[in-house]
J.: 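Take this structure, written in structure tokens, and hold onto it; I'll ask about it next.
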2 protein chains.
Amino acid sequence: MQHYPKSIRNLIRQLSRLPGIGEKTAERLAMHVLRAPGEQAQALAESILQVKRSVQHCQQCFGLSDGPLCQVCQDPAREDGLVCVVEQPADMMSIEKAGCFNGLYHILGGALCPMDGIGPDQLRFEQLWRRVDSGQVREVILATSTSVEGEATADFIARRLADKPVRVSRIASGIPMGGDIKYIDQMTLKRAMEGRHECR
Amino acid sequence: MQHYPKSIRNLIRQLSRLPGIGEKTAERLAMHVLRAPGEQAQALAESILQVKRSVQHCQQCFGLSDGPLCQVCQDPAREDGLVCVVEQPADMMSIEKAGCFNGLYHILGGALCPMDGIGPDQLRFEQLWRRVDSGQVREVILATSTSVEGEATADFIARRLADKPVRVSRIASGIPMGGDIKYIDQMTLKRAMEGRHECR
């Protein structure tokens with residue numbers, strides 16, 4: 001590292017702060033940037049600055065958005081009576097990619113984790129209660145992760161909404177597609193057994 | 001991808017142009033940039049632009065440099081009678097890291113490869129002949145790679161300098177340290193056998 005000119009050392013240092021990029025990879029990437037045409041490097045630098053300037057939280061669902069409302073919330077074809085609650089914007093993107101849901105989202109910003117100091121005040125619960133109280137929501141689908149924290153968060157929401165005139169559901173747990181029964185953990189097997197449904 | 005806001009899609013596209021970065025990794029890096037503090041993103045973008053602005057070729061050895069002469073060529077402690085010829089700046093960095101050489105370098109910019117249209121005119125041979133003719137060089141160490149192209153390039157230089165008052169040497173080929181004889185290719189074994197030296 002110390003053999004490189006200062007500006008290259010600096011680029012390597014900045015690149016190795018990215019997740020999953022070690023010093024070796026950062027070095028390789030820096031060499032690529034050096035060899036690449038000026039416009040490509042310019043475009044990369046510009047896109048980094050642009051993303052920090054223009055990306056904001058959607059005012060309704062708190063997903064990632066270039067404007068006040070995200071693409072999903074703006075889309076008149078989406079069912080606004082269905083709200084899928086997820087932890088992070090990336091979860092919303094995964095569900096969107098799967099193309100299995102035509103409603104709206106609510107991004108909590110994480111899951112309850114008292115050990116890490118994340119209590120109800122750190123997440124976007126108030127905004128969820130307000131959306132439910134507005135009367136537009138028919139069903140809340142809890143798609144928090146199946147970790148201890150995600151389960152606790154789903155449970156917290158389900159209890160809180162128990163006396164509201166809204167259906168509250170939890171996405172199914174079970175064997176993932178292509179999963180081999182003998183390698184599946186006991187907890188998942190138990191859930192899969194409990195969640196069994198009749199074959200037709 | 002199409003579910004992300006435009007500026008994130010653009011950042012993912014720019015990142016996935018880097019070598020070894022697929023769309024999935026680019027997505028993860030983009031999410032990191034989004035979450036990272038503004039100053040960190042700014043520093044990364046700035047270091048990319050800076051490297052393109054300030055890095056140039058050393059006027060003597062053609063290595064990477066922030067100024068007209070690189071750190072190695074500027075260093076009065078280096079033996080200027082020894083010139084190590086390599087293909088690329090990265091080769092020079094590897095030798096510097098190993099700390100096994102105290103002379104100067106000459107970076108050719110590649111190896112002879114007529115199939116790819118790289119003949120003697122595309123590499124920095126003239127500059128090497130001029131350095132040798134200046135009379136300061138005592139020994140030229142050929143450290144081009146051991147590929148067909150690297151070998152041909154070393155051979156080309158050795159022939160050209162045969163009648164000059166300068167020693168020309170080639171770095172040794174053989175079994176790499178930690179190498180297992182049974183997994184070594186025949187060509188390397190042959191070289192290792194030819195290059196054997198007496199044990200003392």
Side-chain angles (χ1 to χ4, degrees), chain A residues 1-15 17-21 25 27-56 58 63-67 70-72 88-90 92-97 99, chain B residues 1-15 17-21 25 27-56 58 63-67 70-72 88-90 92-97 99:
Chain A
M1 260 284 274
Q2 73 271 32
H3 311 297
Y4 284 109
K6 194 160 155 275
S7 59
I8 301 183
R9 284 205 304 273
N10 185 35
L11 177 56
I12 294 175
R13 195 165 46 240
Q14 294 301 336
L15 287 168
R17 296 173 76 179
L18 296 171
I21 307 281
T25 310
E27 213 175 311
R28 195 160 47 86
L29 294 179
M31 286 298 125
H32 173 87
V33 169
L34 253 180
R35 275 194 307 268
E39 311 82 66
Q40 191 182 330
Q42 182 87 37
L44 173 58
E46 188 48 47
S47 65
I48 292 168
L49 297 173
Q50 183 61 32
V51 92
K52 296 301 280 190
R53 267 199 300 266
S54 73
V55 173
Q56 47 186 286
C58 169
L64 301 173
S65 174
D66 270 333
C70 75
Q71 288 172 21
V72 171
Q88 299 291 359
M92 166 177 168
M93 292 303 157
S94 287
I95 297 173
E96 282 297 289
K97 269 184 212 170
Chain B
M1 261 283 273
Q2 73 271 31
H3 310 297
Y4 283 108
K6 193 159 156 275
S7 59
I8 301 183
R9 283 205 304 273
N10 185 36
L11 177 57
I12 294 175
R13 194 164 46 238
Q14 294 300 336
L15 287 169
R17 296 174 74 178
L18 295 171
I21 307 279
T25 310
E27 211 175 313
R28 196 160 46 85
L29 295 179
M31 286 297 126
H32 174 87
V33 169
L34 254 181
R35 275 193 308 267
E39 310 85 66
Q40 189 181 332
Q42 182 86 36
L44 173 59
E46 188 47 46
S47 65
I48 292 168
L49 297 174
Q50 184 61 34
V51 94
K52 296 301 279 188
R53 267 197 301 265
S54 73
V55 173
Q56 46 186 285
C58 169
L64 301 172
S65 174
D66 270 334
C70 75
Q71 287 172 22
V72 170
Q88 298 290 359
M92 166 177 169
M93 292 303 157
S94 287
I95 297 174
E96 282 298 289
K97 269 185 212 167

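Everything quoted here is computed from the prediction, not taken from an experiment.
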J.: So which of A:M92, A:Q88, A:R17 has the biggest tally of heavy-atom pairs under 4.5 Å with chain B?
T.: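 Option with the top pair count is A:R17.
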J.: With chain B as the partner, which of A:A43, A:A90, A:G63, A:S54 has the greatest number of non-hydrogen pairs under 4.5 Å?
T.: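 Most pairs with chain B among the choices: A:A43.
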J.: With a 4.5 angstrom heavy-atom cut-off, is it the side chain or the backbone of A:Q71 that approaches chain B, or both, or neither?
T.: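 The side chain, not the backbone.
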J.: To the closest 0.5 Å, what do you measure between CD1 (A:I95) and NZ (A:K97)?
T.: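 It is 12.0 Å, given to the nearest 0.5 Å.
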J.: Side chain, backbone, both or neither: which part of B:Q40 has a non-hydrogen atom closer than 4.5 Å to chain A?
T.: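 It is both, since atoms from each part get that close.
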J.: What is the distance from atom CG of A:L64 to atom CG of B:L34, rounded to the nearest 0.5 Å?
T.: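 Rounded to the nearest 0.5 Å, the CG-CG separation comes out at 6.0 Å.
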J.: Identify, with sequence neighbours excluded, every residue that meets salt bridge (Lys or Arg N to Asp or Glu O under 4.0 Å) alongside B:R53.
T.: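 For B:R53 the salt bridge (Lys or Arg N to Asp or Glu O under 4.0 Å) partners, ignoring immediate neighbours, are B:E46.
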J.: Would you give the length of the straight line joining atom CG of B:D66 to atom CD1 of A:I8, rounded to the nearest 0.5 angstrom?
T.: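 B:D66 CG to A:I8 CD1: 7.0 Å, rounded to 0.5 Å.
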J.: Side chain, backbone, both or neither: which part of B:I21 has a non-hydrogen atom closer than 4.5 Å to chain A?
T.: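 Answer is side chain: those atoms of B:I21 sit under 4.5 Å from chain A.
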J.: Identify which part of A:K52 has an atom lying under 4.5 Å from any heavy atom of chain B, answering side chain, backbone, both or neither.
T.: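 Contact with chain B is through the side chain of A:K52 alone.
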J.: Could you verify whether a donor N or O on one side chain and an acceptor N or O on the other, from A:S47 and B:N10, lie under 3.5 Å apart?
T.: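 No.
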